[in-house]
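Just so we're on the same page: letters track the sequence lines, and every chain starts at 1. The structure presented is a predicted model; accordingly, all values stated were derived computationally and were not measured.
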There are 4 protein chains.
Amino acid sequence: MIQLDYQDRRPIYEQIVAGYKTLILSGALEAGEQMPSVRNLAMELSTNPNTVQKAYTELERQKYIYTVKGRGNYISEDNSLLKGEQLKELRGRLKSLLDETDELHIDRAELTKGLL
Amino acid sequence: MIQLDYQDRRPIYEQIVAGYKTLILSGALEAGEQMPSVRNLAMELSTNPNTVQKAYTELERQKYIYTVKGRGNYISEDNSLLKGEQLKELRGRLKSLLDETDELHIDRAELTKGLL
Amino acid sequence: MIQLDYQDRRPIYEQIVAGYKTLILSGALEAGEQMPSVRNLAMELSTNPNTVQKAYTELERQKYIYTVKGRGNYISEDNSLLKGEQLKELRGRLKSLLDETDELHIDRAELTKGLL
Amino acid sequence: MIQLDYQDRRPIYEQIVAGYKTLILSGALEAGEQMPSVRNLAMELSTNPNTVQKAYTELERQKYIYTVKGRGNYISEDNSLLKGEQLKELRGRLKSLLDETDELHIDRAELTKGLL
DNA sequence: GTGGTCTAGACCACA
DNA sequence: GTGGTCTAGACCACA
């Protein structure tokens, strides 16, 4: 189950999206498995159904889940593609992180020391 | 001079803060040098003086500049300390980036390939 | 046999209606032939009987099938008429498609290139 | 100004999206021009600001407009790309229309007579 | 004033 | 029961 952090600057619906993306890509949730219903998840997270709905809509737009009307939401099958996208995003963030480092004339070795 | 990007998702005041941080830490602006006045910078960036004021307040809070009432804003002297902070922040971001990579079972070599 | 696509955005009952319309108009099902019972089709498609019933009601409303109480549903005789309706519908869609094309100042030749 | 049609099966927010897409791609609205504010458009269409917000979010996701926080929404510059997308969508619809026609053994000439 | 998020609650189509 | 849309109204960050 995902955890909301009200101290987090990100809006609630984004935290839900990010949480489920990780659960799906890490394999914790299997393809075809049913997502909790909008109302149930809203109850569990003690938030509003509209907020969960917004998160689910975004997850569907990004192909992490798909909706069957009147039935519910299900995990998509084609994870491999999504993992590629995710890798691309991470590489983009690493790239800009390195750019900033260079711009400040900080040695990259200092940046990565003990981490990599 | 810094450049605003209206397509950028970050609010304008944050772009101003980030831009000046880089200018200061990279040495493009020297310690003791005077910042442009709030009104002038607002004119140059064609943005709202409130926005520039907000950016200056944030830069002062983070000790990048200091204010002399009635005279203006000046670049702080103690850059070395700030650079340490900046390094710490960059390392924090790298850390969480690597955490996410691991969580998705992505090989770190794949992440850094061609970048590092 | 028709095939449901749960990734399809259309509701299931509409997919059933569209599927049988095609089967009937293309001649794959002959006039007078009996339709599968509501329960059987629901089982085969592993969907809800209510959904199949809704589809059959719609097919009957459009005169593709007719119901004999206590016996079942049968393909209608007067296909020629239905085919005319279908043609009219297709022409309507083509019309609005061309209208949109014109409105966007897109050349019709570009639209149909390689298709027609 | 766009026109809402309450008989239309499409939800209100989709009608707003479709309406502005046409206005933008047809050149009726110029690049860089400011969109009406969320609240103003909601008043004019006598609908709820949330509904307009939803439409604007979708238009931004599709790059038709971009948002500057605290300022408003503006028409994007790169229309040419969007027009290509739109053409692709229209061609897709024409393709499936022709497929249906063939499947019903209807002569394509009958379909296009007097239209093309 | 501008957009963005969220809640509470209603209503609808669909299965 | 399931998702989807919409309203009314509030609160916040930002310019």
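- Checked against D:Thr57 for a side chain to side chain contact (heavy atoms under 4.5 Å, CB included), the options D:Arg61, D:Gln53, D:Lys54 give a single hit: D:Gln53.
- Comparing atom distances between the C:Pro11 side chain and each of E:dT7, E:dG3, E:dC14 picks out E:dC14 as nearest.
- Contact annotation: A:Lys54 does not reach the phosphate of E:dC6 (side-chain N/O to OP1 or OP2, under 4.0 Å).
- For A:Thr51, no side-chain nitrogen or oxygen approaches OP1 or OP2 of E:dT5 to under 4.0 Å.
- Each of B:Glu58, B:Lys21, B:Met35 was scored for a side chain to side chain contact (heavy atoms under 4.5 Å, CB included) with B:Tyr64, with one residue passing: B:Lys21.
- Residue-level contact check: A:Asn48 touches the bases, meaning some heavy atom is under 4.0 Å from a base atom.
- Comparing E:dG3, F:dC6, E:dT5 against the side chain of D:Tyr13 picks out F:dC6 as the nearest.
- In terms of phosphate contacts, A:Lys69 brings no side-chain nitrogen or oxygen within less than 4.0 Å of OP1 or OP2 of E:dA15.
- Rounded to an integer number of Å, the gap from A:Tyr66 OH to F:dG4 C1' is 19 Å.
- A residue-by-residue look at A:Arg9 and A:Arg71 shows that A:Arg71 has its nearest nucleotide of DNA chain F further toward the 5' end.
- Within 4.0 Å (heavy atoms only), A:Thr47 reaches sugar-phosphate atoms of the nucleic acid but no base atom.
- In this structure, CD in B:Gln7 is found 10.0 Å from OG1 in D:Thr67, a value given to the nearest 0.5 Å.
- Rounded to whole Å, atom P of E:dC14 lies 13 Å from atom CG of C:Asp8.
- Using a 4.5 Å heavy-atom threshold, the side chains of B:Tyr74 and B:Val68 count as touching.
- Taking atom CG on A:Leu41 and atom P on F:dG1, their separation rounds to 17 Å, with Å as the unit.
- Checking the phosphate oxygens (OP1, OP2) of E:dG3, no side-chain nitrogen or oxygen of D:Gln53 falls inside 4.0 Å.
- At a threshold of 4.0 angstrom between heavy atoms, the contacts of A:Asn73 are confined to the sugar-phosphate backbone, with no base atom among them.
- Judged by Watson-Crick or G-U wobble contacts below 3.5 Å, the nucleotide F:dC14 has E:dG1 as its partner.
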